[in-house]
Structure formats: C-alpha cells, structure tokens
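For reference, the structure is listed below as structure tokens.
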Amino acid sequence: MKPTKRGGGWAAIWYTLRQAHRVGWWQLWRALASKNACKTCALGMGGQAGGMRNEQGRWPEVCKKSLQAMVADMQRGIRPEFFQRWSIPQLQTLSPRELEWCGRLTTPLYAGPADEHFRALSWDDAFDRITDQFRRQRPEETFFYASGRSSNEAGFLLQLFARLYGTNFVNNCSYYCHQASGVGLTAALGTGTATVTLDDVESADLFVLLGGNPASNHPRLMRSLMHIRRRGGQVIVINPVKEVGLVNFSVPSDLRSLLFGSEIASLYVQPHIGGDAALLAGVAKLLLERDTIDRAFIEQATEGFADFASLVRSLSWEDIEQRSGVERSTIARIADMYAASRRTVFGWTMGITHHEHGVVNVRAIVNLALLRGMVGRPGAGLLPIRGHSNVQGIGSVGVVPNLKPGFLDNLESILGVPLPRSPGLDTLACMQAADCGLMRSAFCLGGNLFGSNPDSRFAHRALGHLELVTYLNTTLNTGHVWGRGRETLILPVLARDEEPQPTTQESMFNFVRLSSGGPVRVAGPRSEVAIIATVAGRVLGDRSPVNWSSFQCHAQVRELIARVVPGYAPVGDIDRTRREFHIPGRILHTPHFPTPSGKARFAAEPLPPLRGGGSELRLMTVRSEGQFNTVVYEEADIYRGQERRDVILMNREDIERLGLRIDQLVTVRSAVGVMRGIRVRAFDIRAGNALMYYPEANVLVPATADPLSKTPPFKCVLVTVEPEPTDTVPAAASRRHRLHLVPP
Ligand SMILES: Nc1nc2c(c(=O)[nH]1)N[C@H]1C(S)=C(S)[C@@H](COP(=O)(O)OP(=O)(O)OC[C@H]3O[C@@H](n4cnc5c(=O)[nH]c(N)nc54)[C@H](O)[C@@H]3O)O[C@H]1N2
Ligand SMILES: Nc1nc2c(c(=O)[nH]1)N[C@H]1C(S)=C(S)[C@@H](COP(=O)(O)OP(=O)(O)OC[C@H]3O[C@@H](n4cnc5c(=O)[nH]c(N)nc54)[C@H](O)[C@@H]3O)O[C@H]1N2
Ligand SMILES: [Mo]
C-alpha cells in the first residue's frame with residue numbers, strides 16, 4: 001500500500017460519505033450537528049454554538065476522527081446471546097478493532113473466577129456486588145481511574161466518592177499522556193495548561209510543532225497551521241518521522257487547500273527519538289552567542305537565567321549533535337527562523353512527554369520561549385496539544401491524586417467533614433501496588449486501563465490480582481478480556497451526545513463548553529453520573545455528608561462544582577445562561593506569572609543521554625491514522641501507507657545494516673517483552689530509530705517512568721530486531737496469542 005501524497009483531503013471526504021451510507025445520512029447529520037462538544041481530541045468544537053463550530057465560531061469544522069467516534073457510538077447493541085456464544089478465551093482472540101465493532105454494550109456484565117463466559121446481570125445485582133466489595137475492603141485498598149472521555153460532572157462525582165470513601169488513590173489517563181506538560185509548565189510558570197487561545201495560534205508568525213502528528217490526531221489544528229503559512233508565517237516541524245500530513249495537508253473545508261493541498265512545514269527536522277532537549281539547547285546556545293534574546297523580558301519577568309545560560313554555554317557542539325542527531329547547520333536554521341519571529345507559539349504532544357525525561361523536554365521548550373519573551377503576550381506562547389476531548393476538565397474537577405489546596409479547603413468547608421490528606425498515587429503506582437497485592441479493587445470510568453499500560457504482561461498480572469475490577473464503558477475492549485480481576489463487572493454507559501441531561505467539558509484552550517446531550521440510541525446503557533451517584537449512595541449510605549440521590553440531577557452537581565473548583569464559578573448557572581467561558585487566570589497575555597515571585601523560571605537541566613545505539617534501536621509506539629487510542633477503527637494507516645498493524649517501520653540504512661529485507665518476518669525484543677512474526681517495512685524515519693503501533697506494542701514497553709511526571713517512556717523503548725528462523729508466521733504470533741503475552 002502506497003502512502004498518500006498528502007494528508008486530509010478527498011480521502012477524508014470519501015470516508016465521511018461511506019460512513020454516512022453505513023449509518024444513514026440523516027442520523028449522522030443530526031449527530032454531527034447536535035450541540036455537543038466533539039468526542040475526540042481536546043481542540044474543542046461543538047457545544048452551544050452548534051455542532052461543527054470551533055471556539056471562534058467558525059463552521060464547518062469537522063474531522064474524520066469525530067466521525068469515526070460518532071459512527072462507533074451509533075452501532076447496534078450487542079445481543080445478550082452474544083456472550084453465551086463467545087467465551088472469554090474466544091473473545092481474547094479478537095483484535096482491538098474486532099472488539100470495538102462487536103457493538104454497543106447494553107447490559108451490565110459479570111464474570112467470576114470460575115466463569116468462562118460473561119453473563120448479563122441486573123443493575124441492582126451489579127450495584128450490590130460493588131457495594132459488598134467496597135464494604136469488605138479498606139479505602140486504601142482500592143483505586144479510581146478515569147480516562148478523558150467522561151464529563152466534568154461524572155469526573156467530579158467520581159473523585160468526591162473516592163475522597164468521601166477515604167482514599168486519594170484517584171487519577172486519570174493524563175499520567176500516561178500530558179502529565180509532563182502539567183508538571184513542567186507549573187514548575188516554570190505556575191500554571192499547567194496552555195497559555196494561548198485559538199486566536200493567538202492563528203495570529204502567530206511562527207509555529208514550532210514538536211513530537212506530534214496533528215494531521216492524524218488533531219486534524220482541525222491543520223487549518224490553523226495552513227493559515228499561518230498563507231499569511232506568510234512559518235511552521236517548523238521537529239519529528240524523527242517524516243509524517244506526510246505535516247509536509248502537505250489538504251484541509252477538506254477549504255476549497256483551495258482541498259484541490260491543491262497546502263504546504264505545512266517550512267522546515268522539517270528529524271532528530272533522534274529523545275533528542276529534542278539537546279536540539280533545543282543547541283538553539284538556545286546559538287541565540288545566546290548571537291545575543292538575539294530579549295534581555296528586558298528576561299530581567300523583568302524571569303528568574304534562573306544565569307544558571308541556565310552558563311549551563312548552555314558549557315555544552316559542546318559535539319554533545320549537542322550526537323544527542324540530538326541533528327547537525328549544527330540545521331540547528332542554526334531553526335535559530336535564524338526563531339530569531340526573525342515576532343510571535344512564536346510552541347505546540348507539542350506525546351513525542352515530548354512519553355520519555356523518562358519528559359519534564360526535562362517540556363522545560364527545554366519553556367526555556368527557549370522565555371529566551372525571546374515568547375510567553376506572556378498575545379500571539380505567542382505555549383500549547384500542550386491535549387489528547388482526549390475532556391482530559392483537561394477531568395483534571396480540573398479533581399480526578400487527581402493530590403488536590404490543589406484551594407480546592408480541598410473549599411470541599412472540606414462546604415461538606416463540613418475532613419477529607420483524606422495522605423498523598424495519593426499516580427496511575428502506574430496504583431498498578432504496581434495492585435501487582436504487589438496491596439490493592440483489592442479498581443473502579444474505572446472509561447478508557448482501557450489494561451490496554452493503555454506499559455508492559456502488557458505486567459498489566460494483565462496486576463489487574464488479575466484484584467478481587468473486583470469495575471469498568472464503565474460504551475463498547476468492548478481488550479481490557480474487559482485481558483484486564484480482569486477475580487471478578488469483573490462491565491457497566492454500559494451513554495455517550496456524551498446521548499445523555500438525557502446536559503454535561504460540560506473543557507478544551508485544551510481552557511474553554512468550558514456545555515453539551516446538550518441527546519436521544520438514547522440503544523436501550524440499556526445509563527448515564528455515567530447516574531451510575532456513580534447510585535454506587536456512592538449505596539456504599540457510603542448514611543455516613544455521607546451529601547445527598548447522593550440529588551446528584552442524579554446534573555445541575556445539582558454543577559452547583560457544587562461552581563462552589564468548589566477554582567475558575568469554574570460560571571458553571572453554576574450555565575443551564576440558564578448557556579454561556580460557555582474561558583477559565584480565568586490561565587491564558588497569559590501579560591508577562592506576569594502565577595508563581596510565588598510572579599516571575600517565570602528557567603530550568604538548568606543537564607542534557608539527557610542518547611539511549612541505545614548499535615544493534616539496539618530506539619522504538620516509538622504510536623497511533624495510526626485509523627485508531628483512537630486503544631480503539632482501532634481500521635487496520636490500515638493510510639498516511640503511512642501501511643495496510644496492516646503488525647509491522648515495524650525502519651530506516652533503509654538500518655534494514656541493510658542489520659541484514660534484513662523488506663517484508664521479512666522478524667522478532668522484536670525488548671527488556672520486558674517479545675513480538676514474533678512482525679514485518680519489516682522501510683520508512684522515512686531517522687536512522688537508529690523505529691516505529692510500531694500502540695496498543696499492540698505495549699508488551700515491549702517497560703513499566704518504568706519519568707521520576708517527575710510518572711509517565712512511562714512509550715516513545716523510547718530499546719529493542720533488537722532479528723529474523724524469524726523460518727519465513728512463516730510463528731505460532732506465538734497467531735490469533736490465540738494476539739497480544740503477544742508470552743514470556744520473552
Ligand atoms: N485520530 C486520533 N486522534 C487522537 C488520538 C488517537 O489515538 N487517534 N489520541 C488522542 C490522545 S489521548 C492523544 S495524547 C493525542 C496524541 O497525539 P500525538 O502525540 O500526535 O500521537 P502519537 O501517535 O503518540 O504520535 C506522536 C508523534 O510524535 C513523534 N515522536 C515520537 N518520538 C518522538 C521524539 O522523541 N521527539 C519528537 N520530536 N517526536 C517524536 C512521532 O513520530 C509521532 O508523529 O492525540 C489525540 N487525538
Ligand atoms: N504504547 C503506548 N501506550 C500508550 C500511548 C502511546 O502512545 N503508546 N498513549 C497513552 C495515552 S496518551 C493515553 S491518553 C492512553 C489512553 O488509552 P485509553 O484508556 O484506551 O483511551 P480511551 O480512548 O479513553 O479508551 C477507550 C475506551 O473508552 C470507552 N469509551 C468511549 N466513549 C466513552 C464515554 O463516553 N464514556 C465512557 N465511560 N467510556 C467511553 C470505550 O469503551 C473504549 O473502549 O493510552 C496511553 N498508552
Ligand atoms: Mo493521551
């Protein structure tokens with residue numbers, strides 16, 4: 001399969017037409033036009049202005065991804081006989097894609113220790129089982145997890161339930177995602193989210209995109225990048241992989257771009273995986289040498305400059321080039337373009353955060369922005385390009401292990417009871433505690449905790465030690481069959497646009513949206529809020545200081561959120577005002593920072609060493625064009641020209657150096673896992689580095705973490721690649737061993 005010549009365009013439109021045909025034009029149109037925040041990435045669109053509208057009110061804003069998610073939710077319900085026919089071992093042979101397309105979950109499902117099949121359960125029985133478990137165990141023997149798919153209302157209730165139950169073991173998928181951005185930005189600026197609005201992005205004259213593939217994962221950002229170029233601005237892309245959509249993209253809603261394509265990158269730089277901090281330090285070194293820095297800004301608005309400058313000056317070019325994999329002359333071109341810019345926005349995603357030095361990477365980006373005063377003024381700033389549509393909101397409303405003091409104090413004084421003050425645990429730490437037998441149950445709101453974890457064998461084992469795992473989901477996923485406890489409960493939930501009452505979400509630009517909800521599509525699933533309120537009411541009973549049944553009404557939940565969550569006051573009467581809003585204090589348009597001193601801080605961090613080399617390749621695990629996280633919608637990755645997912649993309653040089661052939665079957669081995677029967681494919685990726693698809697490749701990722709953000713190194717796994725002894729697919733790569741959970 002050949003890669004497409006450019007991203008987006010007719011392929012996206014054609015896809016839309018096919019999906020519309022599949023579920024019905026009118027249904028799909030109604031779903032797309034409904035007043036609900038988009039379900040996919042956190043760029044944010046939809047809401048009260050109507051579907052397909054962005055924060056500037058521009059229409060039509062639609063992408064293939066929101067369509068995929070929409071169509072998946074419009075599937076028919078799984079029939080009850082399905083689970084009698086398909087045993088759990090049989091379901092384990094299904095791929096993530098096959099599980100997703102089984103249909104919508106419609107009834108609570110249960111499997112006990114001796115069960116070969118899931119069986120349907122009444123909601124009452126399901127609630128009784130959870131209540132029994134929660135009464136049996138101590139609060140510190142359970143943990144709560146949420147992915148960023150759920151509403152603010154559901155997230156808020158989840159953490160309230162956990163804290164009143166008595167634990168701070170509450171976290172969200174951010175620990176596997178943008179936590180390094182939150183930690184790095186907070187340390188540097190006193191605030192952990194984007195400092196810019198969508199308007200700022202559009203008025204920048206330089207956009208530096210590091211470690212992301214928005215052509216696939218945030219398609220609507222591509223229009224902004226196209227606009228920057230059309231206005232004569234520049235886009236620098238820093239990515240070990242040449243992603244076709246970042247070279248040329250055709251924005252489907254723009255006729256000129258659709259017909260002729262739009263050049264995106266003015267300069268495309270391919271460093272080694274993990275080489276960004278060294279590369280950025282090189283740029284800083286040149287700016288210092290040439291004195292193209294903003295001295296007035298540095299003096300008035302920052303601290304820590306002297307240490308940073310002396311560290312950067314002491315770095316040798318040999319070190320910088322070796323660790324980044326980029327030549328000095330290319331680094332100089334970046335420095336030239338940056339020095340010529342008056343308004344730069346730096347945007348980044350998982351290529352920056354998924355490292356053992358993720359926070360160091362983020363601080364390196366902030367350092368560079370501070371050097372030229374590119375934060376704290378309009379049209380310039382920092383933009384962590386967020387993942388899930390509401391991952392930021394889930395964090396804001398408290399699904400985090402350690403609440404901000406203001407939040408916690410508000411909550412305690414309103415409820416009139418003390419809440420746990422002991423430190424909480426991040427996601428990986430919860431999994432490790434489960435693996436050591438310290439946990440007895442897990443309660444998961446959305447997501448696929450098994451599938452998103454590093455080291456799938458470890459994740460399988462850790463969850464297997466639990467007495468009860470409860471999942472609230474819309475569709476089947478690998479976690480339900482591979483991430484089971486001794487007992488497993490799956491509770492079917494309504495998607496955002498099926499909720500009978502409105503919900504709210506927060507975009508990556510700190511904009512809070514109101515989703516109206518909509519008609520139920522399949523009978524059976526319940527609202528996330530209703531489920532959590534019922535479970536909490538039963539478990540906490542009379543000792544609860546709040547009336548949980550009142551929280552069946554979303555407006556009541558919002559009323560409490562408005563009083564408790566800093567910056568969220570306007571949600572209190574949003575049902576009446578319908579006014580969506582920016583959270584105050586987060587967008588930085590003046591050089592005053594919410595740190596104790598009011599100044600932004602430089603970080604003087606030693607350069608991370610370049611890992612691997614020789615026969616060891618650095619492997620990144622990434623998303624394809626046809627998936628959303630652990631949900632695979634299509635096997636093909638059209639942008640990278642791959643028709644299948646069991647492949648390893650390598651530079652031709654490495655293929656030759658290691659004596660391999662294209663399409664040869666190989667074994668890929670890391671310190672923790674092995675994948676057999678993988679096909680070698682040549683790709684434009686920096687030599688010494690390789691690419692495989694997540695979640696299948698999670699079996700290779702070690703369960704280690706950045707000490708500061710607790711995020712695993714999903715983008716930098718050291719692997720070796722050896723030929724399979726015979727050129728046939730080995731048994732260990734067969735359907736039965738789909739997830740390669742065999743020992744290395
Ligand atoms: N269609 C779709 N959209 C999505 C998602 C999805 O799965 N599908 N997921 C959502 C979520 S939760 C998230 S977090 C985002 C993820 O959005 P991305 O971060 O764009 O997703 P990844 O596929 O993880 O891709 C990482 C990119 O980083 C590059 N990269 C890898 N290692 C390095 C490195 O060391 N340095 C640099 N500079 N680049 C590197 C890779 O080549 C790749 O282009 O997307 C969100 N949107
Ligand atoms: N190797 C590797 N591992 C990674 C990554 C990587 O790049 N490489 N990326 C990491 C990142 S950035 C992330 S964010 C994680 C995310 O990984 P996941 O936790 O898998 O992400 P989700 O997309 O939230 O989970 C999908 C499930 O959400 C359920 N769902 C869909 N809509 C709803 C809803 O409205 N409500 C509820 N309750 N459930 C719903 C569906 O049943 C679906 O099975 O994976 C991480 N793991
Ligand atoms: Mo993410």
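On a predicted model such as this, the values are computed, not experimentally measured, just so you know. Here, residue 1 is the first one in the sequence, and each next residue gets the next number. Order of listing sets the numbers, starting from 1, for every ligand and every atom in it.
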Any N or O of Glu528 closer than 3.5 Å to N or O of ligand 2: yes
Check: Asn629/His388 side-chain N/O donor and acceptor closer than 3.5 Å: yes
Sub-4.0 Å atoms of ligand 2 with respect to non-hydrogen atoms of Leu472: 37 (C), 38 (N), 39 (N)
Contact atoms of ligand 2, heavy-atom distance to Val493 under 4.0 Å: 36 (N), 37 (C), 38 (N)
Phe443 ring center within less than 6.0 Å of Tyr471 ring center: no
Residues in side-chain hydrogen bond (donor to acceptor under 3.5 Å, both in side chains) contact with Asn689, at least two apart in sequence or another chain: His272, Arg618
Criterion salt bridge (charged side-chain N to carboxylate O under 4.0 Å, His left out) on Glu696 and Arg645, from CA distance to verdict: CA-CA 8 Å; Glu696 292 88 334; Arg645 297 173 58 84; 2.7 Å; yes
Tyr338 and Phe346: CA distance, side-chain angles, deciding distance, ring pair (Phe, Tyr, Trp, His ring centres under 6.0 Å) verdict: CA-CA 11 Å; Tyr338 184 36; Phe346 292 88; 5.5 Å; yes
Asn477 N/O under 3.5 Å from ligand 2 N/O: yes
Output field: ring centroids Tyr694/Tyr176 closer than 6.0 Å: no
Enumerated ligand 2 atoms positioned under 4.0 Å from heavy atoms of Gly446: 37 (C), 38 (N), 39 (N)
Closest heavy-atom pair and its distance - Val235, Leu225: CG2-O, 4.1 Å
Donor on one side chain, acceptor on other, Thr478 and Asn448, under 3.5 Å: yes
Which N/O atoms of ligand 1 sit under 3.5 Å from a protein N/O, and at what distances?
unit_1, atom_1, unit_2, atom_2, d
ligand 1, 1 (N), Ser216, O, 3.2
ligand 1, 1 (N), Gln627, O, 3.4
ligand 1, 3 (N), Asn217, O, 3.2
ligand 1, 3 (N), Asn217, OD1, 3.4
ligand 1, 7 (O), Arg623, NE, 2.9
ligand 1, 7 (O), Asn629, N, 2.5
ligand 1, 7 (O), Asn629, OD1, 3.3
ligand 1, 8 (N), Asn217, OD1, 3.4
ligand 1, 8 (N), Gln627, O, 2.6
ligand 1, 9 (N), Arg623, NE, 3.0
ligand 1, 9 (N), Asn629, OD1, 2.9
ligand 1, 17 (O), Asn217, ND2, 3.4
ligand 1, 19 (O), Thr349, OG1, 2.6
ligand 1, 19 (O), Met350, N, 3.0
ligand 1, 20 (O), Asn213, N, 2.8
ligand 1, 20 (O), Asn217, ND2, 3.0
ligand 1, 20 (O), Thr349, OG1, 3.4
ligand 1, 21 (O), Asn217, ND2, 2.9
ligand 1, 23 (O), Arg623, N, 2.9
ligand 1, 24 (O), Arg623, NH1, 2.8
ligand 1, 24 (O), Lys715, NZ, 2.9
ligand 1, 28 (O), Gly211, O, 3.2
ligand 1, 35 (O), Gly274, N, 2.8
ligand 1, 35 (O), Gly351, O, 3.4
ligand 1, 35 (O), His355, NE2, 3.0
ligand 1, 36 (N), Asp276, OD1, 2.7
ligand 1, 36 (N), Gly351, O, 3.4
ligand 1, 38 (N), Gly211, N, 3.3
ligand 1, 38 (N), Ile238, O, 3.0
ligand 1, 38 (N), Asp276, OD1, 3.4
ligand 1, 38 (N), Asp276, OD2, 2.7
ligand 1, 42 (O), Asn239, OD1, 2.6
ligand 1, 44 (O), Asn239, ND2, 2.9
ligand 1, 44 (O), Glu243, OE2, 2.6
ligand 1, 47 (N), Asn217, O, 2.8

